[in-house]
**Q** 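Okay, here's the structure, questions in a sec.
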Amino acid sequence: MYYERQRGDMCRLHSLNAYFGFQKFNDNTFFNYCDEYDKEIVGLNSRSMDGFSEGRCIINYIIDKTLNKYTLTIPINLFKNTRENIDLKRYNKLLKHFSNYFEFNKKHVWLNKKKNNEWWKLDSISGINRIDPVLKDNGYILVFDNIHLLIREMDYYRNI
């Protein structure tokens, strides 16, 4: 499994490279995507901080632009009603169908990756550590690698 040690405030870059399993992006390519994203969402400054707009951030944007994959952001549980329409129990059950997901708090983001039916936290600060995945109060970015799961997810949202 690939991970990078933390440099500066670049955990978003490090978590993306962990997702790809190699150094797909360097500082310059990452900043180019930040600038591109900021042109679409006026008012963001993605180079220095991550702003969420329209249910996504720079990580979602880069996954979409490079892989054309759907992502779902579950926000941090900070405020009343932040998650009132999100069935977290449902997503905890669905985790077995995912191979990766990003997890974040107010100051940091990392990748959780499944390998040989075990989950690992690939974190630029704490390294690689075995985990038992449970979606709780942090924020999450689920990456839909499986087209059948994505179709089921779209049907779920159409029905509600």
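Residue numbers count from 1 along this sequence.
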**Q** Do Phe20 and Trp110 belong to the same hydrophobic cluster, where Ile, Leu, Val, Met, Phe, Trp and Tyr are linked whenever their side-chain heavy atoms lie under 4.5 Å apart, directly or via other members?
**A**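 In one cluster: no.
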**Q** Taking only residues two or more places apart in sequence or in another chain, which ones pass ring-ring contact (aromatic ring centres under 6.0 Å, His included) with Tyr91?
**A**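 ring-ring contact (aromatic ring centres under 6.0 Å, His included) list for Tyr91, sorted by chain: empty.
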**Q** Determine, step by step, whether Tyr156 and Asp87 satisfy the side-chain contact (heavy atoms from CB on, under 4.5 Å) criterion, reporting the C-alpha distance in whole Å, the side-chain angles of both residues, the deciding distance to 0.1 Å, and the verdict.
**A** CA-CA 11 Å; Tyr156 169 77; Asp87 184 352; 3.8 Å; yes
**Q** Run the numbers on Arg90 and Glu153 for salt bridge (charged side-chain N to carboxylate O under 4.0 Å, His left out), then give the verdict.
**A** CA-CA 11 Å; Arg90 178 178 174 277; Glu153 185 70 5; 2.9 Å; yes
**Q** I need the single residue from Trp119, Trp120, Phe98, Phe102 that forms a side chain to side chain contact (heavy atoms under 4.5 Å, CB included) with Asn112. Which is it?
**A**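 Among Trp119, Trp120, Phe98, Phe102, the one that satisfies the side chain to side chain contact (heavy atoms under 4.5 Å, CB included) with Asn112 is Trp119.
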**Q** If you measure only the distance, is there a donor-acceptor pair under 3.5 Å linking the side chains of Ser48 and Asp9?
**A**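 There is no such pair (donor and acceptor under 3.5 Å, judged by atom type) between the side chains of Ser48 and Asp9.
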**Q** Report yes if the distance between the aromatic ring centroids of Phe30 and Phe25 is under 6.0 Å, otherwise no.
**A**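 So the answer is no for these two rings.
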**Q** Determine, for Asp27 against Arg7, whether the closest basic-nitrogen to carboxylate-oxygen distance falls under 4.0 angstrom.
**A**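 Arg7 and Asp27: salt-bridged.
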**Q** Hey, does Val134 have a side-chain heavy atom less than 4.5 Å from the side chain of Asn92?
**A**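 With C-beta onward as the side chain, the pair touches.
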**Q** Run the side-chain contact (heavy atoms from CB on, under 4.5 Å) check on Asn100 and Lys114 step by step: do they pass?
**A** CA-CA 6 Å; Asn100 299 279; Lys114 185 169 34 173; over 6 Å; no
**Q** Is the shortest distance from a Lys or Arg side-chain nitrogen in Lys113 or Glu118 to a carboxylate oxygen in the other one below 4.0 Å?
**A**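 No.
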**Q** Please test His14 against Asp123 for side-chain hydrogen bond (donor to acceptor under 3.5 Å, both in side chains), starting from the C-alpha separation and ending with a verdict.
**A** CA-CA 8 Å; His14 301 314; Asp123 184 356; over 6 Å; no
**Q** Taking Ile147 as the starting point, is it possible to reach Leu149 by hopping between hydrophobic residues whose side chains are less than 4.5 Å apart?
**A**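 Looking at the clustering, Ile147 is in the same group as Leu149.
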**Q** Between Glu40 and Arg56, does at least one N-O distance fall below 4.0 Å, as a salt bridge requires?
**A**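 Yes, Glu40 and Arg56 are salt-bridged.
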**Q** Heavy atoms, side chains only, cut-off 4.5 Å: are Asn146 and His97 in contact?
**A**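 Heavy-atom side-chain distance check fails, nothing below 4.5 Å.
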**Q** Test Val143 against every option in Ile63, Ile59, Asn60, Leu72 by the side chain to side chain contact (heavy atoms under 4.5 Å, CB included) rule and name the one that passes.
**A**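 Passing option: Ile63.
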**Q** Run the numbers on Leu150 and Arg152 for side-chain contact (heavy atoms from CB on, under 4.5 Å), then give the verdict.
**A** CA-CA 5 Å; Leu150 175 58; Arg152 189 165 58 173; over 6 Å; no
**Q** Would Lys69 and Asp64 pass as an ion pair if we require N to O under 4.0 Å?
**A**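 No, no charged N to carboxylate O under 4.0 Å.
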**Q** Please enumerate all residues that pass ring-ring contact (aromatic ring centres under 6.0 Å, His included) together with Phe31, with sequence neighbours excluded.
**A**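 Scan of Phe31 (ring-ring contact (aromatic ring centres under 6.0 Å, His included), adjacent residues dropped) gives none.
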**Q** Check this for me: does any side-chain nitrogen of one of Asp132 and Arg130 sit under 4.0 Å from a carboxylate oxygen of the other?
**A**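 Between Arg130 and Asp132 there is a salt bridge, with a charged N closer than 4.0 Å to a carboxylate O.
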**Q** Checking Phe104 now: which residues fulfil ring-ring contact (aromatic ring centres under 6.0 Å, His included) with it, not counting sequence neighbours?
**A**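 With sequence neighbours excluded, Phe104 shows a ring-ring contact (aromatic ring centres under 6.0 Å, His included) to Phe52, given in chain and number order.
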**Q** Tell me whether Val42 shares a hydrophobic cluster with Tyr37, the cluster being built from Ile, Leu, Val, Met, Phe, Trp, Tyr side chains joined at under 4.5 Å.
**A**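 No, no single cluster joins them.
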**Q** Do Val109 and Tyr33 belong to the same hydrophobic cluster, where Ile, Leu, Val, Met, Phe, Trp and Tyr are linked whenever their side-chain heavy atoms lie under 4.5 Å apart, directly or via other members?
**A**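 Both belong to a single hydrophobic cluster.
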**Q** Test Tyr3 against Asn17 for side-chain contact (heavy atoms from CB on, under 4.5 Å), laying out the working first.
**A** CA-CA 7 Å; Tyr3 90 105; Asn17 284 337; over 6 Å; no
**Q** Answer yes or no: is there an ion pair linking Lys65 with Glu36, defined by an N-O contact shorter than 4.0 Å?
**A**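 Yes, this pair counts.
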**Q** A quick test of your reading: do over 12 heavy atoms of other residues, nucleotides or ligands sit less than 6.0 Å from OH of Tyr157?
**A**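 Atom OH in Tyr157 is crowded, with more than 12 foreign heavy atoms closer than 6.0 Å.
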**Q** Using ring centroids (six-membered ring only for Trp), state whether Tyr2 and Phe22 fall under 6.0 Å.
**A**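 No, too far apart.
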